[in-house]
Amino acid sequence: MPQILVEALAKTYRVAERAPGLAGALHGLVRRRWREVHALADVSFSLEAGELLAFIGPNGAGKSTTVKFLSGILRPSSGRVEVAGLVPYEDRIRHVARIGVVFGQRSQLWWDLPVLDGFDLLADIYRVEPARYRERRDELVAMLRLEPLLAQPVRQLSLGQRMRAEFAAALLHDPSILFLDEPTIGLDAPSKLAVRAFVQRLNREHGVTVLLTTHDMHDVEALAERVIVIGQGRLLADRPFTALRSGVLAERRLHIDFAGPAPEIDMPGVTVRSRDQRSLELAFDPADIPTPKLIASIATRHAVEDIHVDEVPIEEVIARFYDLHDAGEA
């Protein structure tokens, strides 16, 4: 039995519309027009205990809406949701005791209270046994390097410091499932690396099931083995990360630094993406021309100082996926 089960999930909102200006406002008072917005339509997936799933898509695709259903904040228009045997929005008290949620743009800590006081309040709310709370709090403080921040009001923390405190707050009651909605939004590079390392440790060493929504494709690349792509409220793909990359965009990039001026390269199946005075970036598909053959062909004809092969950046993979899907619908 999957730990998280979603079947035919749908959510429709009615949105009021009116023409601009005073005349439109007056007309709207007499006869209001409505239109339906389908935030989600027939979304189904499941998640086993201990998995780390990335849920990605453009703005307005339905990612945060799905997390709100799974955390019990919203009720769907239709469909079925079960998390560890409970329906989140029907049994919220028991459900929230077993999950942790981190929203990158919302805080569960009290803005004017010191971080430690916020932790104490959350421990009372979740009814964590005092000895267990102290043990768990001290463990999280050490893991997230929060000791210097405990006496500071949350409003005085930097964004990176606050997000570390938010992670600790979400995990004080030792949940088995963690929902992360844009947890690295606005963070600097060191803070993003720290968050990714912490999530990996939770998942791999402690077996916490993680569902991550993000626009940062480096988060996906660093953390997720499985990816769900959602667009316009519909599930577009559900596959391993490596399969998504290879199935959508199999090409590789060859970066070459030459001892002299960069030569002209004219080979079947090879495209020059960029050129500098002494360097080239080439795009090629290993299925058409094997990497060793391409490197050997260039290195035997030209003096090469450095050469390396990269995969296509994940942002390009996802952008190409959306392009292909849109073309298929056209």
Side-chain angles (χ1 to χ4, degrees), residues 43 45 51-63 184 189 192-193 196 200 212-330:
V43 170
F45 64 91
E51 276 197 85
L52 199 162
L53 170 70
F55 211 67
I56 63 176
N59 289 328
K63 305 184 301 298
T184 61
K192 286 186 177 184
L193 292 174
R196 290 171 193 155
Q200 279 184 327
L212 165 73
T213 78
T214 183
H215 285 294
D216 190 328
M217 293 301 105
H218 296 291
D219 289 347
V220 177
E221 198 162 25
L223 295 172
E225 294 183 354
R226 177 183 165 202
V227 175
I228 285 180
V229 184
I230 189 170
Q232 297 181 344
R234 296 185 179 277
L235 196 150
L236 306 181
D238 181 354
R239 63 188 69 163
F241 174 76
T242 52
L244 178 67
R245 180 191 284 278
S246 61
V248 175
L249 198 57
E251 74 178 39
R252 298 290 185 270
R253 303 286 165 78
L254 182 65
H255 303 266
I256 315 168
D257 294 329
F258 295 92
E264 296 293 330
I265 301 292
D266 185 12
M267 301 176 63
V270 178
T271 303
V272 177
R273 283 185 50 85
S274 65
R275 172 186 296 274
D276 204 347
Q277 185 176 357
R278 296 175 60 177
S279 64
L280 290 175
E281 180 186 358
L282 307 178
F284 68 100
D285 187 337
D288 296 331
I289 179 168
T291 304
K293 180 179 179 180
L294 175 60
I295 293 174
S297 177
I298 294 173
T300 54
R301 300 177 187 177
H302 309 283
V304 172
E305 287 189 344
D306 190 25
I307 192 165
H308 67 275
V309 180
D310 285 337
E311 292 185 314
V312 177
I314 183 59
E315 291 89 348
E316 288 190 38
V317 175
I318 298 303
R320 184 72 63 88
F321 179 87
Y322 292 144
D323 290 343
L324 291 173
H325 186 269
D326 291 344
E329 286 189 341

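No experiment lies behind these values; they were computed from the predicted model shown. The basis for the numbers below is simple: all heavy atoms, side chains too, and nothing from hydrogens, waters or symmetry mates.
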Do any N or O atoms from the side chain of Arg278 and from the backbone of Ala259 form a donor-acceptor pair under 3.5 angstrom?
-> yes
Measure the spacing between CG of Asp288 and CG of Leu294 and express it to the nearest 0.5 Å.
-> 11.5 Å
Find out whether Met267 and Leu282 are in side-chain contact, i.e. whether some heavy atom of one side chain is under 4.5 Å from a heavy atom of the other.
-> no
Measure the shortest side-chain to side-chain distance between Arg226 and Glu51 over non-hydrogen atoms and say whether it is less than 4.5 angstrom.
-> yes
Closest approach of Asp257 and Ser279, non-hydrogen atoms and distance?
-> OD1-CB, 3.2 Å
Identify the heavy atoms of Pro263 and Arg275 that sit nearest to each other, and give their distance.
-> O-NH1, 3.1 Å
Working to the nearest 0.5 Å, report the span between CG of Leu52 and CZ of Phe241.
-> 12.5 Å
Using a strict 4.0 Å threshold on nitrogen-to-oxygen distance, state whether Asp219 and Arg196 make a salt bridge.
-> yes
Is the closest side-chain heavy-atom distance between Val309 and Ile295 below 4.5 Å?
-> yes
Where Thr300 and Ser297 come nearest, the two heavy atoms and their spacing | OG1-O, 3.2 Å
Kindly compute the distance separating OG1 (Thr291) from CG (Asp285), expressed to the nearest 0.5 Å.
-> 9.5 Å
Between CZ of Phe45 and CD1 of Ile228, what distance do you get to the nearest 0.5 Å?
-> 5.0 Å
Would you say the side-chain atoms of Lys63 pair up with the backbone N or O of Gly57, donor to acceptor, closer than 3.5 Å?
-> yes
For atom CD of Glu225, is the number of surrounding heavy atoms from other residues, nucleotides or ligands below 6.0 Å larger than 12?
-> no
Can you find a pair of side-chain heavy atoms, one from Leu254 and one from Ile298, that are under 4.5 Å apart?
-> yes
If you draw a 6.0 Å radius around CG in Asp310, do more than 12 non-hydrogen atoms from other residues or ligands fall strictly inside?
-> yes
When rounded to the nearest 0.5 angstrom, what is the spacing between OG1 in Thr184 and CG in Leu212?
-> 7.5 Å
Heavy-atom pair of closest approach, residues Ala262 and Asp276 = CB-O, 3.8 Å
Heavy atoms only: give me the nearest Ile289-Phe284 pair and the separation to one decimal.
-> O-CD1, 3.7 Å
Reported CZ-to-CG distance for the pair Arg253 and Leu280, which is rounded to 0.5 angstrom = 14.0 Å
If every non-hydrogen atom of Ile56 is compared with every non-hydrogen atom of Thr214, which pair is closest and at what distance?
-> CG2-O, 3.8 Å
